[in-house]
Amino acid sequence: MSLKIYNSQSRQSEEFVPYDPKHVKMYVCGPTVYNFLHVGNFRGPVVFNMVRNWLEYSGYKVTYALNFTDVDDKIIAKANEVGMTPGELSEKYIAEYKKDFASLGLRAHDMNPKVTEHMEDILSMVGTLIDKKVAYEAQGDVLYSIETFKDYGKLSGRHTDELLAGARVEVDEKKRSPMDFALWKAAKPGEISWPSPWGPGRPGWHIECSAMIKNIFGDQIDIHGGGMDLIFPHHENEIAQSEGCTGKHFVKYWMHNNMLNFGGQKMSKSLGNIVSLRDFVTMYNAEIYKWMIQSVHYRTMSEFGDAAVDRAISGLARVYSAMAMAESYLTPEVTQVDAAFAKITEDAWKKVEAAMNDDFGTPEVFATMFEVVRQFNNQVRRGMKVNPAIQGKALAFTQFIKKMGAVLAMFQEPAHDFLIKLDNMLLDKANIKRADVDAVVAERSAARANKDFAKSDELRNKLVAMNISVSDTPEGSFWEVTK
RNA sequence: GGUGAUGUGGCCGAGUGGCUAGGCUCAGCUCUGCAAAAGCUGCUACAGCGGUUCAAGUCCGCUCGUCACCUCCA
């Protein structure tokens with residue numbers, strides 16, 4: 001069973017063969033840190049966290065770097081606006097990013113390189129590009145001459161003449177060709193700058209990734225990830241810089257996650273249709289977010305809205321309810337899985353492997369998970385007499401969900417606790433107090449005990465109006481928020 | 001205008017030319033005082049028009065629609 005990855009450059013799925021058969025080098029473009037990030041920005045981190053997990057499951061050692069762009073026009077502008085230095089501002093938002101990242105329960109990257117910590121690498125790479133006559137100095141700027149790079153456009157499928165025909169590039173007298181892009185920008189008066197052979201200035205946006213990758217990993221890496229919107233010009237320019245510098249093929253597999261839409265359009269700061277991840281996780285829950293991201297294939301554009309949130313909640317309730325039932329049958333003494341049910345989960349796991357190996361088909365993983373949940377519910381019900389067979393099924397089921405969840409960074413919480421958390425969240429949103437529901441349910445239980453079914457039904461209707469479902473079991477009446 | 005995606009049943013969303021995706025909704029049944037949850041059963045779709053093939057949602061062409069990129073953007 002081998003892994004296939006869709007390579008954006010070749011536009012087809014290719015068998016994954018890393019340069020080093022045991023060790024995968026993976027780099028993903030991270031954020032420019034000048035503000036809180038929105039839910040769309042975190043699609044990539046969730047996706048590539050899953051990618052790393054799957055590579056590790058597949059037996060590879062993975063080194064995963066994600067950068068922080070901590071020098072940039074927007075950072076400088078925002079810093080001036082709020083009266084901080086660019087360094088203070090970027091450090092603040094790096095800390096906020098890390099909080100968001102941790103709130104999603106994602107594993108830390110192996111490294112988070114920053115532009116300001118790789119100035120020497122950047123200067124050295126720019127110097128090499130000038131020496132190779134691939135770049136030229138112009139009034140304190142250093143520009144990359146794309147005419148020197150024959151493969152320019154091989155990732156995005158764009159050709160320089162077409163780009164020129166687009167004519168949406170601002171004319172810059174300093175450029176030999178309108179499409180040339182800045183490797184180094186001369187500092188404006190009073191702006192933060194670093195010394196260089198071409199005068200004080202700062203790096204262009206694209207060079208940082210090339211330089212940091214070269215410094216951390218060397219001339220070649222296996223996987224380079226990022227959002228689809230980075231294909232042009234950012235990644236195209238990275239290729240030009242890195243290959244122009246080393247003469248070697250730069251990235252073996254380009255992986256690009258699609259965008260998150262909101263209201264039918266790409267979620268973006270400039271359009272203003274954004275929800276910050278911080279707000280979303282505070283109001284909802286990280287599991288809901290990860291469900292929304294991973295139940296859709298990473299290369300499919302996905303609509304982020306209330307309907308999608310509701311779907312995620314009902315799906316989570318279904319899975320966690322089954323897990324809670326399994327939990328109720330398990331004790332630390334239960335260590336033996338039921339052979340018949342283990343066969344079911346083993347077969348399901350083969351489907352999970354096949355789906356994941358086919359360019360990380362997480363939607364099919366979810367489908368398989370639902371099938372296992374259904375089979376478990378079919379064989380095990382609440383209130384069954386506890387016996388080793390039931391417990392063995394519960395164990396096999398739990399192990400399957402946890403194993404799959406480990407790849408998705410989901411389903412690791414105690415199920416009962418999670419369901420209560422989910423209900424509390426929904427009660428808060430509806431502005432309903434737990435005690436009020438308890439009171440009505442208690443009143444109804446009393447009516448039922450007196451066989452006053454008319455009153456019982458009346459109270460049930462009242463609960464239904466509050467979006468509460470009551471279940472009457474031999475052990476008593478329990479309620480939950482209807483999902 | 002250029003480049004690249006994409007169009008699947010009421011909704012969401014997978015899909016490697018022939019074999020049940022899955023979830024939600026809906027209808028029926030089991031269970032239940034009535035319900036809920038859960039289970040069982042049912043609902044057979046691939047934008048349109050051509051073409052290739054023994055066989056196409058799956059390949060090719062055209063048309064129409066949607067989206068992204070071409071400007072900072074995950």
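All values below come from the heavy atoms of this structure, side chains included, with hydrogens, waters and symmetry mates left out. Sequence lines set the chain letters: A, B, ... in the order given, protein chains first and strands last, and positions in each chain run from 1. Quick caveat, the model's predicted, so the values are computed rather than measured.
- Because its NZ or CZ atom is both nearer than 6.0 Å to the ring centre of A:Tyr6 and within 45° of the ring axis, A:Arg299 counts as a cation-pi partner of that residue.
- As a whole-Å value, the separation of A:Asp358 CG from B:U58 P is 18 Å.
- In this structure, A:Phe42 atom CZ and B:A74 atom C1' are separated by 10 Å, rounded to whole Å.
- With sequence neighbours excluded, the residues forming a side chain to side chain contact (heavy atoms under 4.5 Å, CB included) with A:Arg311 are A:Ala307, A:Ala308, listed by chain and number.
- Not counting sequence neighbours, A:Lys25 has no partner by the salt bridge (Lys or Arg N to Asp or Glu O under 4.0 Å) test.
- Remark: B:C64 base-pairs with B:G7; criterion is Watson-Crick or G-U wobble with both hydrogen-bond distances under 3.5 Å.
- Nucleotides B:A45 and B:U3, compared at atom C1', are 32 Å apart to the nearest Å.
- With sequence neighbours excluded, the residues forming a side chain to side chain contact (heavy atoms under 4.5 Å, CB included) with A:Asp279 are A:Ser276, listed by chain and number.
- The nucleotide B:U30 finds its pairing partner in B:A38, both defining distances of the Watson-Crick or G-U wobble pair being shorter than 3.5 Å.
- For A:Thr300, a side-chain nitrogen or oxygen approaches OP1 or OP2 of B:A14 to under 4.0 Å.
- When each of A:Phe68, A:Tyr27, A:Tyr97, A:Phe101 is paired with A:His109, the ring pair (Phe, Tyr, Trp, His ring centres under 6.0 Å) condition holds for A:Phe101 and for no other.
- On the P atoms, B:C59 is 8 Å away from B:G17, given to the nearest whole Å.
- Both distances falling under 3.5 Å, in either a Watson-Crick or a G-U wobble arrangement, place B:C69 opposite B:G2.
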A correct 5'-to-3' footprint of nucleotides 17-24 of chain B, with B, S and - meaning base, sugar-phosphate only and no protein heavy atom under 4.0 Å, is ----BSSS

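- Between A:Asp347 and A:Lys343 there is a salt bridge, since a side-chain N of the basic residue sits under 4.0 Å from a carboxylate O of the acidic one.
- Atom CZ of A:Arg299 and atom C1' of B:A74 are 17 Å apart (whole Å).
- Here side chain to side chain donor-acceptor pair (under 3.5 Å) pairs that include residues 35-47 of chain A, with residues two or more places apart or in two chains, are A:His38-A:Asn41.
- Within the 4.0 Å cut-off from OP1 or OP2 of B:A38, not a single side-chain nitrogen or oxygen of A:Asn377 is found.
- Nucleotide B:A14 holds its P atom 16 Å from the CZ atom of A:Phe360, rounded to whole Å.
- A heavy atom closer than 4.0 Å to some atom of RNA chain B occurs in no member of residues 413-422 of chain A.
- Ranked by how close their nearest RNA chain B nucleotide is to the 5' end, A:Ser302 and A:Arg381 are led by A:Ser302.
- Nearest-nucleotide mapping onto RNA chain B: of A:Val373 and A:Ser295, the residue sitting toward the 5' end is A:Ser295.
- A:Ile231 comes within contact range of no nucleotide atom at all, as no heavy-atom separation falls under 4.0 Å.
- Using a 4.0 Å heavy-atom cutoff across all strands shown, A:Asp310 reaches no nucleic acid atom at all.
- The only option from A:Val481, A:Val470, A:Asp423, A:Ile468 that meets the side chain to side chain contact (heavy atoms under 4.5 Å, CB included) definition with A:Val437 turns out to be A:Ile468.
- In this structure, A:Ser156 reaches the sugar-phosphate backbone alone: every heavy-atom distance under 4.0 Å involves primed, P, OP1 or OP2 atoms, never a base.
- Residue-level contact check: A:Asn258 touches the bases, meaning some heavy atom is under 4.0 Å from a base atom.
- Exactly one residue among A:Glu364, A:Glu346, A:Glu371 makes a salt bridge (Lys or Arg N to Asp or Glu O under 4.0 Å) with A:Lys351. That residue is A:Glu371.
- Atom P of nucleotide B:C69 and atom CG of A:Asn257 are separated by 13 Å, given to the nearest angstrom.
- Residue A:Ser469 is in sugar-phosphate contact alone, with no base atom involved, counting any heavy-atom pair closer than 4.0 Å across all strands shown.
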